[in-house]
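Contents: one structure, followed by commentary.
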Amino acid sequence: MSSADKNLSVFTVDNLPDISARRFALVVAEWNTEVTEALFQGAYDTLVKYGATAENVLRGNVPGSYELTLAAQWFAERPDIDAVICIGCVIQGETKHNDYINHAVAQGFTTVSLKTGKPVIFGVLTPNTQQQALDRAGGIHGNKGDEAAMTAIKMLGLKETINK
Ligand SMILES: Nc1c(NC[C@H](O)[C@H](O)[C@H](O)CO)[nH]c(=O)[nH]c1=O
Ligand SMILES: CC(=O)[C@@H](O)COP(=O)(O)O
């Protein structure tokens with residue numbers, strides 16, 4: 001199923017956990033900032049809409065999506081951080097560089113989440129074109145940042161349920 005079939009900003013919101021005391025790190029890549037800033041805003045707004053407080057949402061910037069994984073680890077290792085949301089946009093270029101970045105960050109997020117036991121959310125767009133990116137950063141297919149934030153919330157809810 002593609003984003004064309006499932007809007008990124010449409011999701012179920014029943015039985016969400018109380019996140020008023022939860023602390024989130026939003027790590028944002030500085031490539032394609034028109035897109036990543038829109039993703040960040042979507043993620044931030046979604047966290048606050050569903051109960052996070054502004055002072056509990058931290059932001060860190062990295063030069064590019066490849067650096068998201070190390071920054072995610074630095075944040076996830078902090079005892080006061082409950083979840084990390086990684087924001088980036090890796091647009092296909094003339095070479096295979098985007099493939100290497102995308103695979104590295106996907107594996108890196110998984111590694112950090114399993115190592116720390118904390119959600120590390122893949123909020124990175126991997127489009128073929130700028131337009132595909134814009135369509136997923138508040139355009140016709142919704143906002144990947146919204147989806148990433150809601151994913152973090154739901155994973156924290158599941159962790160609470162499992163650990164009851
Ligand atoms: N081309 C894109 C990059 N490239 C930069 C890498 O992410 C990395 O910062 C560099 O290789 C140094 O380690 N990054 C993006 O986020 N998006 C791109 O489209
Ligand atoms: C993902 C990238 O680093 C890429 O946009 C760089 O472009 P190119 O593959 O043409 O060097």
Side-chain angles (χ1 to χ4, degrees), residues 1-11 22-49 52 54 56-78 81-156:
M1 177 182 279
S2 76
S3 298
D5 304 309
K6 183 191 177 303
N7 190 287
L8 294 164
S9 299
V10 175
F11 27 70
R22 296 293 190 171
R23 288 173 58 86
F24 300 84
L26 287 172
V27 193
V28 185
E30 293 175 344
W31 269 67
N32 304 307
T33 52
E34 178 187 0
V35 174
T36 57
E37 288 304 318
L39 298 177
F40 164 80
Q41 199 60 53
Y44 179 88
D45 290 347
T46 299
L47 289 174
V48 171
K49 178 178 179 180
N56 283 344
V57 181
L58 284 64
R59 173 171 173 162
N61 298 326
V62 292
S65 292
Y66 185 80
E67 286 74 35
L68 287 169
T69 51
L70 182 54
Q73 180 168 302
W74 288 339
F75 272 118
E77 287 175 338
R78 283 178 48 161
I81 295 293
D82 295 296
V84 182
I85 299 168
C86 297
I87 301 287
C89 177
V90 183
I91 300 178
Q92 182 174 325
E94 293 178 357
T95 72
K96 293 189 290 187
H97 194 209
N98 62 298
D99 290 334
Y100 289 95
I101 295 169
N102 293 335
H103 289 300
V105 299
Q107 184 57 56
F109 297 161
T110 299
T111 300
V112 174
S113 63
L114 294 176
K115 175 180 167 185
T116 63
K118 297 180 181 178
V120 177
I121 307 304
F122 195 122
V124 178
L125 292 174
T126 58
N128 298 313
T129 65
Q130 172 83 358
Q131 187 56 52
Q132 285 180 355
L134 294 172
D135 290 346
R136 291 156 177 80
I140 58 171
H141 297 320
N143 190 317
K144 186 74 173 178
D146 299 355
E147 180 205 51
M150 185 50 63
T151 300
I153 294 169
K154 291 184 175 181
M155 286 303 286
L156 290 176

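Every number for a ligand or one of its atoms is a count from 1 in the order of the listing.
- Interface of Asn98 with ligand 2, defined as ligand atoms under 4.0 Å from a residue heavy atom, comprises 1 (C).
- At the top of the distance list for atom 6 (C) of ligand 1, counting protein heavy atoms only, stands Ile101 CD1, 3.7 Å.
- Counting heavy-atom neighbours within 6.0 Å of Lys49 NZ, excluding the residue itself, gives a total of 12 or less.
- Atom 7 (O) of ligand 2 has as its closest protein heavy atom Gly93 CA, 3.8 Å.
- Nearest non-hydrogen protein atom to atom 8 (C) of ligand 1 is Glu67 OE1, 3.4 Å.
- Not a single heavy atom of Glu30 sits under 4.0 Å from any atom of ligand 1.
- Side chains of Glu30 and Thr36 form no contact here, defined as non-hydrogen atoms less than 4.5 Å apart.
- Proximity of Asn32 to ligand 1, defined as any heavy-atom pair under 4.0 Å, is confined to the side chain (atoms from C-beta onward).
- Remark: among candidates Thr126, Asn102, Thr95, the nearest residue to atom 9 (O) of ligand 2 is Thr95, based on non-hydrogen atoms.
- The atoms of ligand 2 that sit less than 4.0 Å from any heavy atom of Val90 are 1 (C).
- Each of the atoms 11 (O) of ligand 1 lies under 4.0 Å from some heavy atom of His97.
- Smallest separation of non-hydrogen atoms from Val35 and Ala137: CG1-CB, 3.9 Å.
- When every heavy atom of Val124 is checked against every heavy atom of Ser65, the shortest pair comes out as CG1-OG, 4.2 Å.
- The protein non-hydrogen atom at the shortest distance from atom 16 (O) of ligand 1 is Ser65 OG, 2.7 Å.
- With a 4.5 Å cut-off on side-chain heavy atoms, Leu134 and Gln130 count as touching.
- With contacts defined as side-chain heavy-atom distances shorter than 4.5 Å, the pair Phe24/Leu156 qualifies.
- The protein non-hydrogen atom at the shortest distance from atom 3 (O) of ligand 2 is His97 ND1, 2.6 Å.
- Atom 17 (N) of ligand 1 has its closest protein heavy atom at Cys89 O, 2.8 Å.
- The one candidate from Asn98, Asp99, Val105, Leu125 that meets the side chain to side chain contact (heavy atoms under 4.5 Å, CB included) condition with Val90 is Asn98.
- Shortest contact from atom 10 (O) of ligand 2 to any protein heavy atom: Glu94 N, 2.7 Å.
- Using a non-hydrogen distance threshold of 4.0 Å, Gly88 does not register as a contact of ligand 1.
- For atom 4 (C) of ligand 2, the choice among Asn32, Asp99, Ile91, Ile101 with the nearest heavy atom turns out to be Ile91.
- In this structure, Ile85 and Leu47 have side chains that are in contact, with non-hydrogen atoms separated by less than 4.5 Å.
- Looking at Ile87, Ile91, Leu68 and measuring to atom 19 (O) of ligand 1, the nearest heavy atom belongs to Ile91.
- For the pair Tyr44 and Arg59, the minimum side-chain heavy-atom distance is 4.5 Å or more.
- Given atom 18 (C) of ligand 1, the protein heavy atom at minimum distance is Trp31 CE3, 3.2 Å.
- Around CZ of Phe122, the count of heavy atoms belonging to other residues, nucleotides or ligands within 6.0 Å exceeds 12.
- Arg136 has its side chain within reach of Leu8: a pair of non-hydrogen atoms, C-beta onward, lies under 4.5 Å apart.
- An N or O contact shorter than 3.5 Å is missing between Gln92 and ligand 2 by distance.
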